[in-house]
Amino acid sequence: MRKLNFYEFSKTLPILFLFLLVACGSSHEEKSDTENIEATGEIIAELTSPPFAPKPIGSRPARKVIVDMEILEQEMEMANGVSYIYWTFGGTVPGSFIRTRLGDEVEFTLKNHPENKLPHNIDLHAVTGPGGGATSSFVAPGHEITFSFKTLNPGLYVYHCATAPVGMHIANGMYGLILVEPPGGLPLVDKEFYVMQGDFYTKGNHGDPGLQPFDMQKAVDEDADYVVFNGNTHALVGDDALTANVGETIRLFVGNGGPNLTSAFHVIGEIFDRVHVEGGDLVNHNVQTTNIPPGGAAMVEFEVEAPGTLVLVDHAIFRAFNKGALGMLKVEGSENSKVYSGTIQEGIYQPEGGTIQEMPGAGPAPAQPTAASLDERIDLGKQIYAQTCLACHQAEGQGIPSAFPPLANSDFLNADVDRAIGIVLHGLSGEITVNGSTYNSVMTAQTLSDEEVANVLTYVYNSWGNNGTEVTPVMVTRVKSSH
Ligand SMILES: [Cu+2]
């Protein structure tokens with residue numbers, strides 16, 4: 001390549017300057033323009049569950065878009081024989097896909113199902129405003145809240161719950177994607193899919209059967225048991241694999257909920273023709289692997305030229321074959337020997353990924369156990385604590401300063417057992433003083449059986465320096481009927 005000498009270079013400078021001026025000028029204009037785009041008329045947003053995305057916006061003008069989303073806490077399968085209590089936006093991990101256009105006015109209603117145990121909120125990275133909406137959307141179980149925002153920047157954005165402890169809400173599956181299309185929409189493709197990676201932390205190791213509670217320490221240590229696409233190890237394999245036909249153009253909306261791990265997103269057997277890097281305007285071409293950080297996204301586009309099974313992985317490859325970050329795109333059609341001679345054998349990756357499938361089944365869920373001794377009551381209570389109370393009162397009952405009071409060595413707890421039973425049964429609000437600090441917050445009523453209330457409180461009373469009281473179901477029933 002010929003080098004410019006200084007003289008030639010100085011001649012090009014003014015042109016360069018002019019170019020920069022125009023570039024800066026236009027981008028400033030764009031931003032103020034988007035604030036002023038008028039939203040006319042009203043539509044109800046089409047929300048879709050993964051792996052599908054709603055219909056493209058096409059040529060529609062900016063509108064008022066009504067989004068109605070329900071938070072559901074529910075047990076679902078993490079892997080064969082392994083289940084987990086997921087906290088979800090819309091009943092799936094990732095949550096429902098929201099598709100908007102630049103300049104839309106989104107009226108967002110967030111509902112927290114009455115049977116949920118925890119308050120939640122939503123932080124949408126597409127929102128310009130405090131906490132991305134989180135400060136306006138905090139909602140307790142059995143309540144709903146509405147807020148609105150205008151989409152000012154096109155791109156693909158993550159949304160997630162931002163309720164303390166934030167990491168735990170995200171680790172339990174509270175994330176999804178919201179797309180803001182430019183006017184006129186993204187170029188049309190034949191198939192679009194919605195895929196989101198997440199890392200999960202369980203008390204047991206990868207594959208240990210049964211209902212697995214969240215493990216806070218492993219999450220802090222970033223020591224994931226599962227790294228998966230769309231919430232579990234099998235969301236995109238077998239009958240649930242993505243499908244396409246030879247010659248089709250594909251767009252993957254790929255997000256990463258984290259909470260911790262950056263994805264080296266790669267499709268085995270394909271080269272990305274285009275990647276909207278970080279979900280923004282910058283388009284890179286001919287990419288093998290793209291980095292997607294937690295709380296980030298990318299749009300990945302390619303044409304499928306030959307039949308066979310393409311394999312979606314996190315190319316930090318132990319995550320794919322040993323932790324679950326593996327999905328499939330089955331391409332059907334006639335051979336194209338110009339591109340590839342021979343078919344990728346389907347299931348070629350199964351022997352390694354298959355370890356997940358070979359775990360012994362957990363069998364039918366056992367009937368609710370009744371404690372026969374104090375030790376058993378404490379054991380059962382410990383499990384309930386991990387699933388129900390830990391999120392707020394923390395693993396060692398230490399609480400969170402000025403948000404959640406401690407249960408460890410709590411003078412308030414130890415002073416009155418009937419009051420403690422009442423708090424778990426009916427919830428608590430208003431100012432209280434625990435170990436000299438005041439709290440003025442809300443604990444929602446917990447939906448537990450009398451036996452469970454007895455067990456969990458017995459566990460608490462027999463842990464962390466508390467006074468060793470045994471709470472029996474009879475005591476719980478008595479408090480209930482005296483109320
Ligand atoms: Cu949440």
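Numbering of residues begins at 1 and proceeds along the displayed sequence. For ligands, and for the atoms within them, numbers begin at 1 and follow the listed sequence.
Checked against the 6.0 Å centroid criterion, the rings of His160 and His125 qualify as a close aromatic pair.
The pair Arg101-Glu181 fails the salt-bridge criterion, with no side-chain N (NZ, NE, NH1 or NH2) lying under 4.0 Å from an Asp/Glu carboxylate O. Between Lys323 and Asp199 there is no salt bridge, since none of the side-chain N atoms of the basic residue sits less than 4.0 Å from a carboxylate O of the acidic one. Lys111 has no carboxylate O lying under 4.0 Å from a charged side-chain N of Glu70, or vice versa, which leaves the two without a salt bridge. Remark: Lys55 engages Glu46 in a salt bridge, criterion side-chain N to carboxylate O under 4.0 Å. A salt bridge links Asp104 with Arg60: at least one charged nitrogen is closer than 4.0 Å to a carboxylate oxygen.
Protein nitrogen, oxygen and sulfur atoms, that is N, O or S, within less than 2.8 Å of the Cu ion (ligand 1) amount to 4.
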